[in-house]
Amino acid sequence: MTLVSGLVAAGVLSGAGTAVADGTPQPEGGATATIDGLKTYGEAVIHGDGGDQRVAAGLFQMSVDGGGMLQTYCVDIHNPTQRDAPYQETSWSGTSLGTNRNAGKIRWILQNSYPQVNDLAALARQAGAGSLTEQDAAAGTQVAIWRYSDGAKVDAVDPRAEKLADYLEKNARGIGEPQASLTLDPPAVSGRPGDLLGPVTVHTNAGSVTVSPPVDAAAGGVRIIDKTGKVITSAKDGSQLFFDVPEDAADGSVELTVQGSTTVPVGRAFASESRSQTQILAGSSESTVSATATATWAAKGAVPAVSARKNCAKGGVDVTAANKGDQPFTFQLMGAEHTIPVGTSRTVTVPLQEDQPYDFTVTGPNGFSRRFTGVLDCRTQGAITTESTQTLSEPSPATVGGGTTPPGTDLAATGGSAVTPMIAGVAIGLVVIGGAVLVFLRRKEIEQAD
């Protein structure tokens, strides 16, 4: 059996790229949202080799797909924010936070400042700031975060905001990464028809989630059950789900969707494939979250299950392939051959250059195909330039509409306000990486019992 994969550096603005086989990009799971703009902010000064720059500093707002609102701070000061950019809840390991030893201190700041602490009088007393407005509190919190996320030399313009920034920076302590709002582990399973494929374990902070098998699965007799054989339509944290595939089912695959409503944990990262600056969550209303898992089965031969995720510690994308068939699964990836014995899995790390778009498809026997796309964004830039940061004195190339909270959205728990000001959106052009990129492959093998 042979698996073929192509990796291309796509021209983002020009539309250049190489056609790939059919497939569906597979996110980690959790909340997906669109950035609305900077809503509550003050001013800060970034001190760089090229001089000082005055910038806006504060809270962004995002609209969650399916319902809900998020408040975020930036952890990527030197990249622009693209207007209406889509974002996906992401593990720290898939962002610059994954290699930042101070990431836990950023989470402490989020939990101990605005908007999680919305008693501004008490926060001002703790910081020795006298008094704080929402704008002061947002600016001071963002400045403190930038000092740890980017190692930036940055100060708040308002003395009260600067007092808060200094207080937060000095008192920050490391806290571990928060649990994802919703993920499925593993995101791909495989096996024989007649067997139970799985388990797929639900990880969520929601009280319960809805389990929705695809329509074609019902037509083919595939059921989603628990280990006792009971059909599952809802689940909770720790629930184990199995794909029950009829013994006479033709070789194929299906996708399971799990969806719920919950507040996303403070400190979760949000990344965009459009190269819009990485964000970290400061507050959440009740929001829609979802995750998917795929199952593949075949009567004979190799039966692969493939998933992928960014790994900033290794500077690339981890492609994990497992084999539940009765024959070894041999495949090629960027010129290197790999063989997965029966009942084992292997993780191959595909190294990529920083900011490199990738789009590759993993194919296998019986029509198996999985596509993975994205942009590797693991670093913050070391120097600020006028081309990469929108200053307050410059006209905005694109404004963000709307200045009120949508009806039915309650951000009281996160300290949000329906009348806070907004700033013009930042929409500096994307950097295009064109042409073929030569990469070298390294791999790691993990042998595990069937």
Side-chain angles (χ1 to χ4, degrees), residues 22-32 65-67 88-89 179-262 287-299 302-309 320-325 343 345 362 364 366-372 448 450:
D22 291 340
T24 302
Q26 190 173 41
E28 286 187 36
T32 57
D65 299 342
Q88 171 69 50
E89 183 182 342
Q179 178 187 7
S181 62
L182 176 60
T183 58
L184 296 176
D185 182 36
V189 295
S190 62
R192 294 278 180 233
D195 294 340
L196 295 183
L197 278 55
V200 174
T201 303
V202 177
H203 299 287
T204 184
N205 69 333
S208 64
V209 292
T210 301
V211 179
S212 302
V215 175
D216 58 348
V222 178
R223 304 184 304 161
I224 306 301
I225 64 174
D226 63 14
K227 62 183 178 181
T228 69
K230 178 183 177 182
V231 173
I232 295 297
T233 57
S234 65
K236 60 183 180 180
D237 185 45
S239 294
Q240 291 189 324
L241 311 178
F242 296 83
F243 293 82
D244 182 21
V245 181
E247 189 171 359
D248 59 354
D251 297 351
S253 65
V254 294
E255 183 178 84
L256 160 72
T257 300
V258 175
Q259 187 175 84
S261 182
T262 186
S287 298
T288 300
V289 295
S290 63
T292 60
T294 59
T296 303
W297 62 89
V303 188
V306 181
S307 60
R309 64 186 303 172
T320 300
N323 179 19
K324 291 288 186 178
S345 68
V362 176
N366 305 307
F368 176 86
S369 178
R370 290 290 179 271
R371 182 185 178 191
F372 305 101
Q448 60 185 21
D450 186 10

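Across all their heavy atoms, Ala206 and Ser261 have their closest contact at CB-O, 4.0 Å. Nearest approach of Pro193 to Pro246, heavy atoms of both residues: CB-O, 3.4 Å. In plain terms, the two heavy atoms of Val189 and Gly198 that are nearest each other are CG1-CA, 4.1 Å. Between Pro304 and Ser190, the shortest heavy-atom contact is O-CB, 3.6 Å. Smallest separation of non-hydrogen atoms from Ile225 and Ile232: C-CG1, 3.6 Å.
One distance of note links CG of Asp244 with CG of Leu196; it measures 5.5 Å at 0.5 Å rounding. In this structure, CG in Leu256 is found 13.0 Å from CZ in Phe242, a value given to the nearest 0.5 Å. A distance of 10.5 Å separates CG in Asp185 from CD in Gln240, rounded to the nearest 0.5 Å. A distance of 6.5 Å separates CH2 in Trp297 from OG in Ser253, rounded to the nearest 0.5 Å.
Residues that satisfy the side-chain contact (heavy atoms from CB on, under 4.5 Å) test with Ala235, not counting sequence neighbours, are Val202, Val209, Val211, Ser239, Leu241. By the side-chain contact (heavy atoms from CB on, under 4.5 Å) test, Ala298 pairs with Arg192, Asp251, Val303, Asn366, sequence neighbours left out. By the salt bridge (Lys or Arg N to Asp or Glu O under 4.0 Å) test, Asp65 is found to be paired with no residue, residues two or more places apart in sequence or in another chain being considered. For Thr288, the side-chain contact (heavy atoms from CB on, under 4.5 Å) partners at least two apart in sequence or on another chain are Gln259. Listed by chain and residue number, nothing satisfies the side-chain contact (heavy atoms from CB on, under 4.5 Å) test with Thr233 (two or more places apart in sequence, or in another chain).
Applying the side chain to side chain donor-acceptor pair (under 3.5 Å) test to pairs two or more places apart or on separate chains, those with a residue in residues 200-215 are Asn205-Thr262.
The backbone N or O of Leu197 sits nowhere less than 3.5 Å from a side-chain atom of Asp195 that would complete a donor-acceptor pair. Under a 3.5 Å cut-off, the side chain of Glu89 and the backbone N or O of Ala31 do form a donor-acceptor pair.
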